[in-house]
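Worksheet: the structure to be examined is printed underneath.
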Amino acid sequence: MANQITKLLISSLIALFFLSSSLTLASSDAPFLLAHKKAALERIKPGIERVSVSIDIYNQGSATAYDVSLTDDSWSKDVFDIVSGNTSISWERLDAGALVSHAFELESKVQTLFYGAPAVITFRIPTTAALQEAYSTPILPLDILADRPPVKKFELAKRLLAKYGSLISVISIVTLFVYLVATPSKSNAAKGSKKKR
């Protein structure tokens, strides 16, 4: 659990670094593509693990990018089988400030530590004839079919309940007793109003 949080924190910091460094570069009248690649592992059954990959592309620049093409060929065919989607896709244009996303799923039956390369994005600017290239953020190494300890979802709640459970019970009972004593019942309120007549 802590390992996943660390991975998420590192990839967020990398994306934040690229975003902050792109702010100065994107001030000219040209497209500036920023891409963030994420991968998540999910154990389907013993011996098979599914990898969900998503790539977000954001045009941080002030102009439209044309003929945008995304290619992510870092997934070895010896290790991965494509379950859904494609590892490459293209869009006709990506306007300034626009965001597009692409996702695909892979399946692996091989136990390995996989290091994925960044995805390559090519695009065209109307003022130049040459294709421009951009790269996504790299993913952290994926430990496919690794032996992981079982996740203890309610461990913290159990520890807190064991440590402070009796104290919480006593405080709740005292609070309920004070509430019942302090608030008058409806029958007493009805008797009091009859006596005043």
Side-chain angles (χ1 to χ4, degrees), residues 1-44 48-77 79-108 112-128 130-146 148 151:
M1 175 99 173
N3 200 9
Q4 291 176 341
I5 292 171
T6 305
K7 288 180 182 178
L8 180 63
L9 182 62
I10 290 172
S11 64
S12 298
L13 287 174
I14 290 171
L16 185 63
F17 170 75
F18 280 111
L19 182 63
S20 65
S21 66
S22 70
L23 291 177
T24 58
L25 295 174
S27 62
S28 64
D29 190 25
F32 185 83
L33 300 186
L34 179 68
H36 181 61
K37 179 178 173 181
K38 298 173 280 199
L41 291 173
E42 179 186 359
R43 178 93 31 114
I44 302 297
I48 298 176
E49 195 146 28
R50 184 163 288 176
V51 181
S52 299
V53 181
S54 67
I55 304 169
D56 300 324
I57 304 172
Y58 178 67
N59 185 353
Q60 181 73 30
S62 57
T64 301
Y66 295 95
D67 300 329
V68 179
S69 176
L70 166 71
T71 306
D72 190 9
D73 291 333
S74 64
W75 307 97
S76 171
K77 303 224 185 300
V79 178
F80 298 100
D81 297 322
I82 297 176
V83 175
S84 67
N86 292 322
T87 58
S88 62
I89 191 170
S90 57
W91 296 272
E92 185 178 326
R93 60 188 287 162
L94 183 59
D95 294 326
L99 171 74
V100 291
S101 296
H102 177 63
F104 55 93
E105 289 188 344
L106 306 161
E107 218 171 61
S108 178
T112 185
L113 184 62
F114 179 75
Y115 295 91
V120 178
I121 300 102
T122 57
F123 60 98
R124 189 175 52 78
I125 301 172
T127 56
T128 58
L131 282 176
Q132 305 295 312
E133 269 191 2
Y135 296 95
S136 72
T137 55
I139 58 170
L140 295 171
L142 298 175
D143 202 359
I144 299 168
L145 294 174
R148 295 182 189 98
V151 177

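From a predicted model like this one, the values you see are computed outputs, not experimental measurements.
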Taking all atoms of both residues into account, what is the closest heavy-atom pair of [X] and [Y], and its distance?
X      : Y      : value
Ile121 : Tyr135 : CD1-C, 4.3 Å
Asp56  : Lys38  : OD2-NZ, 3.1 Å
Phe123 : Pro31  : CE1-CG, 4.0 Å
Leu145 : Ser108 : CD1-O, 4.3 Å
Leu113 : Tyr115 : CD2-OH, 3.2 Å
Leu41  : Asp143 : CD1-O, 3.7 Å

Residue from [options] passing side chain to side chain contact (heavy atoms under 4.5 Å, CB included) with [X]:
X     : options                : value
Leu94 : Leu33, Thr64, Leu99    : Leu33
Lys37 : Pro138, Ser136, Pro118 : Ser136
Trp75 : Ile82, Val51, Asp81    : Val51

Going from [atom1] on [X] to [atom2] on [Y], what distance comes out if it is rounded to the nearest 0.5 angstrom?
X     : Y      : atom1 : atom2 : value
Ile89 : His102 : CD1   : NE2   : 5.0 Å
Thr71 : Glu133 : OG1   : CD    : 9.5 Å
Phe80 : Leu142 : CZ    : CG    : 6.5 Å
Tyr66 : Asp95  : OH    : CG    : 7.5 Å

Worksheet entry | side-chain contact (heavy atoms from CB on, under 4.5 Å) partners of Arg50, counting only residues at least two apart | Ile44, Val83, Glu105, Glu107
Worksheet item: Does the Asn59 side chain pair with the main chain of Phe32, one donor and one acceptor, at a distance under 3.5 Å?
Response: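 Yes.
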Practice prompt. Taking Thr137 for its side chain and His36 for its backbone only, find out whether a donor-acceptor pair lies under 3.5 Å.
Written response: no
Worksheet item: Just checking, any donor-acceptor pair under 3.5 angstrom between side chains of Asp72 and Ser74?
Response: yes
